[in-house]
Structures are given as C-alpha cells and as structure tokens.
Amino acid sequence: MKRRILAWAGGVLAFFVLAFVLLFAFRSKVLSYTIDRIITKVENKYPADMNIGSAEFVDWNSVVLTGISFVPDKLDTLFTTDSVYATVSFRSVFKGRIVFKRLVVTDGYLTAVKKGDQTNFDFLFKKDEAPDEPVDTTAGRNYGRLLNLLIETAFDNVPDQVDFKNLNASYASTSRTIDVKMPFLVIDDGHVESDVYIRTDSLVNNLRMRGTIDPGDYRISTSFYAADTNGIRLPYVQQKLDAQVAFDTLHLSLDSKRFRKENLTISGRAMVDNLVLNHPKLADEDIHVDESAVDYVLTLGPNLYVVDSLTEVRVNSARANVYASYQNKTSKIIDLKVKTEEVPANDFFNSLPAGLFENLEGIQAQGWLKYNLNFHVDMDSLEQVVFNSDLDASDDFKIVKWGNTNLQKINGSFSHTVYEYGKPVRTFTVGPSNAFYSPIHEISPYLRNAILTAEDAGFYSHNGFHEEAFRQAIIKNLKEGEFARGGSTISMQLVKNVFLTRKKTVARKVEEAIIVWLIENLDLVSKNRMFEVYLNIIEWGPNVYGAKDASRFYFGKQPSELNLAEAIFLTSIIPSPKRYRSSFDSYGNLRSYKSGYYRLIGGIMRRRGKISQEEYEALSPNVRLYGRARDLIVTARDSSVVEEDTTQFELETIDLLDF
C-alpha cells in the first residue's frame with residue numbers, strides 16, 4: 001500500500017513538473033497568441049491600427065509590453081505609451097489565453113486633436129446602426145443618447161487594477177488647448193487616486209483626486225481638492241460668460257443611470273465648498289457660499305431636458321426642491337418650480353451668501369418661512385404665461401435684531417444719498433428740516449393720483465408685489481427678446497432708491513424683493529409714509545429730486561398748486577427724467593405725441609373717479625414753463641423741430657390692467 005501511494009504521488013508530481021516545464025516552454029507562444037487576439041479584437045471594433053512592438057515575460061508571471069500605439073485610420077495618433085508592466089494570472093496560462101491582472105503603465109500620452117469638423121476620437125463614441133433601421137432626421141440631436149454612450153464607453157474601459165506613472169492627456173483645436181498631467185493615477189479594486197495638473201489655455205489648476213468607482217453598476221464618487229492656495233477655477237467661463245467660478249473642494253457622484261425609450265435618467269450628488277462666483281449681472285462683488293450641494297435627478301431625451309422635482313438644492317443650511325424642464329418638440333415650453341418646506345427664519349437669513357445682500361447681513365429673526373414658485377411659458381402662447389411667487393411666514397415670525405440697515409429708518413427723518421453709475425452725486429435729508437420736503441397732504445391730489453394711475457394702481461391694496469403686472473412684463477420681454485419692461489411697484493421703486501444702488505444685478509433684485517416683503521408683511525412702514533417718501537426722493541430732472549423741487553423747477557409753484565395737466569406731465573417723465581427736454585419743442589410747448597398719453601392717463605383717472613367728466617373734457621397737453629426749466633428748454637432757434645415719437649416708451653410704464 002505504501003509503495004502504491006508513493007508511486008501515485010510521484011506520478012502526480014511528475015505530471016505537474018511536466019506541465020510546468022511545458023507551460024514555461026510554451027508560455028511565450030500563449031502570450032503571442034493573446035496579444036494577437038487583443039489586436040484583432042480592437043481593430044475589428046474600431047477603424048484603427050493597434051500596435052505592440054514587443055511582449056515578453058520578465059519573470060514567472062510578469063510581462064512587459066513596449067512600443068504600444070493606437071492610431072485611427074488616416075488620422076493623428078490617439079495614444080502611445082513607453083511600456084506596460086503586467087502581472088499574469090497563472091491559471092489563465094493553463095487555459096491557453098493570458099489574462100492580465102494588474103497593469104503598470106509608464107509614460108502614457110493620450111492626444112485628442114480636432115481639425116475643422118474632423119477629430120481623431122469621435123469614432124470611439126459611435127455605435128453601429130442596423131443597416132435597415134430608419135433614421136429620424138427631424139428629431140435633432142438626442143443628448144440623452146449621447147451622454148449615455150459617453151458614460152458606458154468610459155465605464156466599460158475602466159480596468160480593475162492599473163497604475164499609471166506619468167499619464168498625459170491633451171486636446172488641441174484651432175481655438176482650444178488643454179493639457180492634463182498626472183504624475184500617478186491608481187485604480188485598485190474600485191478605489192481611484194491621482195494628482196492632476198490641468199492647463200486650459202492660460203489657466204492652471206493643481207488638484208488632488210480621490211474616489212471610488214464601480215464600472216459594472218455605472219457608479220462613481222469622486223472628490224477634487226485644491227492642491228494650492230489658488231483654489232480650483234473653472235475654465236472658459238470668463239471668455240464665454242464674463243464670469244469667474246472658483247472653489248476649494250468639489251464632490252461629484254453618479255449613483256444610478258437608466259436609458260429607456262430614448263431617455264436617459266441619471267441621479268447623484270454634487271457638493272462644493274467655499275464657492276466664489278463673480279459675474280457683473282449677478283452682483284457687484286464676489287459671491288461667497290461656504291457650503292452648497294445638489295442632490296440631482298436629471299432626464300435627457302429627444303427635445304427634452306428635465307430636472308426632476310426630487311432634486312434638492314442646498315445653500316448653506318437653506319434647502320429647496322427644484323423642478324425645471326425645457327422641451328422643444330413642437331413648441332418651446334419652459335417650466336420652473338421651486339418649493340421649500342418650513343425653514344427656521346434665522347437659517348434662511350444666515351444662509352444668504354456673505355457680501356451679497358449688504359443691508360440684510362447680521363439680521364436675526366424668529367419663526368418660520370416657506371417659499372413656492374411656479375413659472376410656465378409656452379413660447380407659442382405667450383399670453384398664457386403662469387407666474388406665482390409666494391413667501392409665507394408663520395404667525396410668530398418677526399425680526400429680533402436688524403443687521404447692517406434698520407429698515408424702519410424711513411418712518412422718521414433720514415439722510416438720503418443719490419447714486420449715478422454707482423457714485424454718490426447728492427445727499428439730502430428726507431424730513432421737515434429740508435426746505436424742499438413736502439408732507440403728502442401738501443402735494444396736489446392730481447399728482448398723487450396720476451402717479452398711482454401710471455405707476456402702480458394697486459399700491460394701497462397689494463403687499464408690495466403685483467404678480468399680474470410682473471407677468472405682463474415677462475410676456476412683453478419675451479416678445480421683444482430683451483428687457484423692455486419691468487414689473488416694479490412703488491414699494492419696489494422706493495426700496496431700490498432708499499436702500500440699494502441702481503445697478504441692474506440679480507443680487508440687487510433679490511435683495512429688493514426681500515426688503516419689500518419684510519416692510520410690507522411686517523407693516524414696518526405705513527402705505528402713506530412709503531408714498532410720501534417716494535414723492536420726496538424720486539428724480540424729476542437735472543439734479544431735481546422730489547415733488548417740491550420738480551414743481552418749482554418746471555412751473556415755479558408749490559406742489560399743492562399743480563393742476564391736472566402739470567401733474568400728468570410730471571408723471572410722464574418719471575420713467576426717464578433725464579429725457580425731460582424731449583417732451584418740449586424749442587418754444588417750450590409740449591410735443592403732439594404727448595396728447596395720447598394725456599388721453600390715456602386722464603381717461604383712467606376719470607373711470608376711477610379721480611377726476612370729473614368736466615375735468616377730463618377740459619384736459620389738454622398744455623403746460624407753461626417757468627424758472628430754471630424754461631431757461632434750459634426754450635431756445636426758439638428753430639421752429640421746425642422733428643418730433644421724437646416716444647409714445648410707445650411712455651405707454652410701457654403704465655399699468656394697463658385698469659383696476
């Protein structure tokens with residue numbers, strides 16, 4: 001028995017020794033066979049030449065490949081590398097087909113080139129279509145299909161284990177140059193790590209990348225950290241948008257992907273720390289956000305782009321759910337919805353980006369706030385625009401402490417500074433100590449009612465905002481294709497003049513809306529007082545501010561003495577006081593185009609009972625100039641003056657809703 005066991009063991013040992021000797025002898029042939037299979041597979045899949053200069057074993061289970069290149073047919077070389085050191089699966093050699101377990105790639109160069117409409121990389125993202133499959137040439141580009149193909153191509157080519165040493169990637173076209181250098185890039189069992197140097201034209205970013213990847217489920221979670229004090233700056237936004245975007249840390253994740261019925265739906269998260277934005281249309285200064293995040297669900301398809309309502313946006317500690325969609329299959333349709341749950345009022349104010357809303361910085365409040373926005377527009381049916389915006393507060397909401405500015409200051413005398421192009425041009429007191437100040441009861445009711453009729457008929461009934469007027473402004477601006485009309489109420493104009501600069505930025509409009517909401521909803525200032533201040537600070541001509549100054553400048557009388565025609569004239573120039581001269585000819589007579597404005601305003605005032613039928617019938621665009629205005633306007637050098645038709649400009653400022 002013992003001899004039999006020894007003989008059996010010796011036979012097995014001899015078999016393995018023989019197999020090992022044969023394997024060692026023929027492993028180079030197996031390697032050559034494997035390399036040929038790889039080259040054939042790649043060249044059958046892509047219109048390109050795959051070249052491997054040499055491949056040989058350097059020890060029992062290690063292979064070195066040199067002289068590797070990937071060259072698209074009749075195009076520039078896409079990829080080259082000096083050498084690839086690979087660990088071989090020993091079991092795979094027995095099967096006659098070598099499997100590389102771990103790769104170490106040294107001095108790799110990926111070079112993407114675009115010359116005109118031709119590139120040396122587009123072919124990687126093209127899938128073969130069935131020869132009999134009809135092509136819909138009217139559907140336009142499906143960015144969902146394109147992005148899905150890009151994601152799958154990228155994930156399908158991620159190796160399990162690879163260690164790049166000195167990996168370089170570049171893109172060059174007639175207008176772009178991008179260079180990426182990675183001293184190392186390690187992918188090991190789903191973990192990714194690299195240092196990255198990126199130069200886009202003249203902008204340089206140095207950063208570190210850490211993350212995880214699961215190619216099988218199309219999942220990735222990656223963090224980018226600034227490797228120097230310059231932070232991470234986004235390229236091309238300066239040239240494209242006249243903006244700057246920078247941050248310290250960026251976290252990106254793709255958690256799921258589904259492509260069904262030509263629609264791609266992806267979800268994940270993006271987080272940014274210490275975000276800095278700068279754009280002249282957003283704010284005068286840099287916008288700083290300590291923490292911001294988006295949990296996103298996006299769908300892209302033919303003529304369809306959707307941000308799902310499950311998407312949550314966080315700015316510091318304030319959160320909101322956002323739904324947005326754009327579809328243009330038969331008509332361009334845009335939808336936007338923003339909704340928040342009840343949020344502590346203090347969290348809301350503390351979450352406002354530092355330096356963005358100067359008047360609100362440091363404000364403290366108690367209670368809860370909740371916001372809802374609903375916007376819908378069909379570009380083929382503009383009259384059906386939907387716009388609803390509601391900020392609701394709990395019953396116990398109140399301001400505990402004012403920040404940089406006490407919004408109740410306008411209840412008493414205060415110093416007001418007028419700005420032109422961001423620079424102060426005049427400062428005066430709004431109160432009895434100013435000789436040009438007029439209490440509201442000393443201002444002609446003709447002027448008060450004419451201004452309310454033209455500027456804000458619902459001033460005494462609304463809470464600071466006129467949604468229908470704003471909706472009409474949206475319709476007008478969309479039709480014109482530019483900002484042709486605003487939807488500002490008197491409350492908004494007052495806040496803009498008293499608390500804010502006149503620069504047209506998004507930040508200023510948001511701050512304006514918040515301040516108006518606080519003043520109106522907390523009853524910080526009475527309507528009469530707001531209108532009184534408004535009448536005493538608005539511009540009416542060259543260094544002319546307030547009703548008393550305007551009455552004296554144009555007519556040499558007190559504001560209480562203004563007649564109906566004079567009141568309507570003063571109302572007509574409120575939208576553009578610097579153009580006051582264009583209303584008159586060289587003899588000081590009102591131009592004929594003013595008659596339409598007079599009929600319109602006078603007619604609305606009559607219907608609302610602000611003037612009598614007799615006053616309306618006697619109304620004509622006829623005023624007499626006195627004082628400084630006459631000296632500036634009446635020249636009588638030429639009686640044949642070509643009249644400028646500004647009727648349309650003036651009518652745009654009128655509330656035509658006829659309350």
Side-chain angles (χ1 to χ4, degrees), residues 28 31-58 62-88 98-126 149-150 152-188 192-201 204-206 209 213 215:
S28 294
L31 176 60
S32 296
Y33 171 73
T34 302
I35 296 300
D36 289 341
R37 281 176 58 95
I38 292 174
I39 292 175
T40 301
K41 184 177 180 179
V42 170
E43 292 184 346
N44 286 339
K45 185 176 181 180
Y46 300 113
D49 292 328
M50 177 76 179
N51 301 305
I52 299 178
S54 66
E56 59 183 13
F57 279 91
V58 294
S62 300
V63 173
V64 171
L65 312 177
T66 59
I68 300 173
S69 65
F70 185 60
V71 185
D73 291 347
K74 299 179 182 180
L75 296 172
D76 294 307
T77 299
L78 182 59
F79 179 77
T80 64
T81 185
D82 181 56
S83 65
V84 175
Y85 180 91
T87 302
V88 174
I98 291 176
V99 174
F100 300 125
K101 293 197 302 182
R102 183 176 184 86
L103 302 176
V104 178
V105 182
T106 303
D107 295 333
Y109 294 88
L110 177 66
T111 307
V113 179
K114 181 178 182 181
K115 296 178 179 178
D117 294 331
Q118 188 181 67
T119 76
N120 67 338
F121 54 85
D122 269 351
F123 67 93
L124 294 172
F125 307 107
K126 293 179 180 178
L149 182 57
L150 180 63
E152 291 187 351
T153 301
F155 276 87
D156 290 347
N157 288 281
V158 173
D160 293 333
Q161 291 183 315
V162 65
D163 184 355
F164 290 97
K165 298 181 183 298
N166 186 30
L167 177 62
N168 303 269
S170 66
Y171 170 81
S173 70
T174 54
S175 58
R176 290 278 184 275
T177 301
I178 303 173
D179 287 308
V180 180
K181 300 181 184 298
M182 289 178 274
F184 72 92
L185 170 61
V186 176
I187 302 175
D188 189 355
V192 183
E193 184 175 346
S194 179
D195 283 354
V196 186
Y197 165 94
I198 305 175
R199 181 177 66 83
T200 49
D201 296 334
V204 175
N205 279 305
N206 289 295
M209 179 182 69
I213 187 169

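What you see is a predicted model; the values in this text were computed from it and never measured.
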Result block: side-chain N/O donor-acceptor pairs under 3.5 angstrom for residues 110-117, not counting sequence neighbours:
unit_1: K115; atom_1: NZ; unit_2: D76; atom_2: OD2; d: 3.3

Answer whether the closest heavy-atom distance between the side chains of [X] and [Y] falls below 4.5 Å.
X: L78; Y: F123; value: yes
X: F70; Y: M50; value: yes
X: I213; Y: F155; value: yes

Dump the intermediate steps for side-chain hydrogen bond (donor to acceptor under 3.5 Å, both in side chains) on D82 and T106, then the final yes or no. CA-CA 6 Å; D82 181 56; T106 303; over 6 Å; no
Rounded to the nearest 0.5 Å, what separation is found between the [atom1] atom of [X] and the [atom2] atom of [Y]?
X: R176; Y: S170; atom1: CZ; atom2: OG; result: 15.0 Å
X: T177; Y: Y171; atom1: OG1; atom2: OH; result: 9.5 Å
X: S32; Y: E56; atom1: OG; atom2: CD; result: 10.5 Å
X: L75; Y: Q118; atom1: CG; atom2: CD; result: 5.0 Å

A48 and E43: which non-hydrogen atoms are nearest, and at how many Å?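 Heavy atoms of A48 and E43 come nearest at O-CG, 3.3 Å.
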Residue pair N120 / P72: nearest heavy atoms and the distance that separates them: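 What the structure gives for the nearest pair is O-CG, 3.5 Å.
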Is it true that a side-chain atom of [X] and a backbone atom of [Y] form a donor plus acceptor pair closer than 3.5 Å?
X: S194; Y: F184; result: yes
X: N168; Y: N166; result: yes
X: R199; Y: D201; result: yes

Only one of N51, T81, T80 passes side-chain contact (heavy atoms from CB on, under 4.5 Å) with I68; say which it is. T81
Among D163, V192, D195, V162, find the residue that satisfies the side-chain contact (heavy atoms from CB on, under 4.5 Å) test when tested with L185.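 Of the listed options, the one satisfying the test is V192.
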Test side chain to side chain contact (heavy atoms under 4.5 Å, CB included) on L167 and V105 and set out the steps. CA-CA 8 Å; L167 177 62; V105 182; 5.9 Å; no
Name all residues meeting the side chain to side chain contact (heavy atoms under 4.5 Å, CB included) criterion together with T200; count only those two or more places apart in sequence or in a different chain, and write none if there are none.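 If we apply the side chain to side chain contact (heavy atoms under 4.5 Å, CB included) test to T200, skipping adjacent residues, the hits are I178, I198, L203, P235, Y236.
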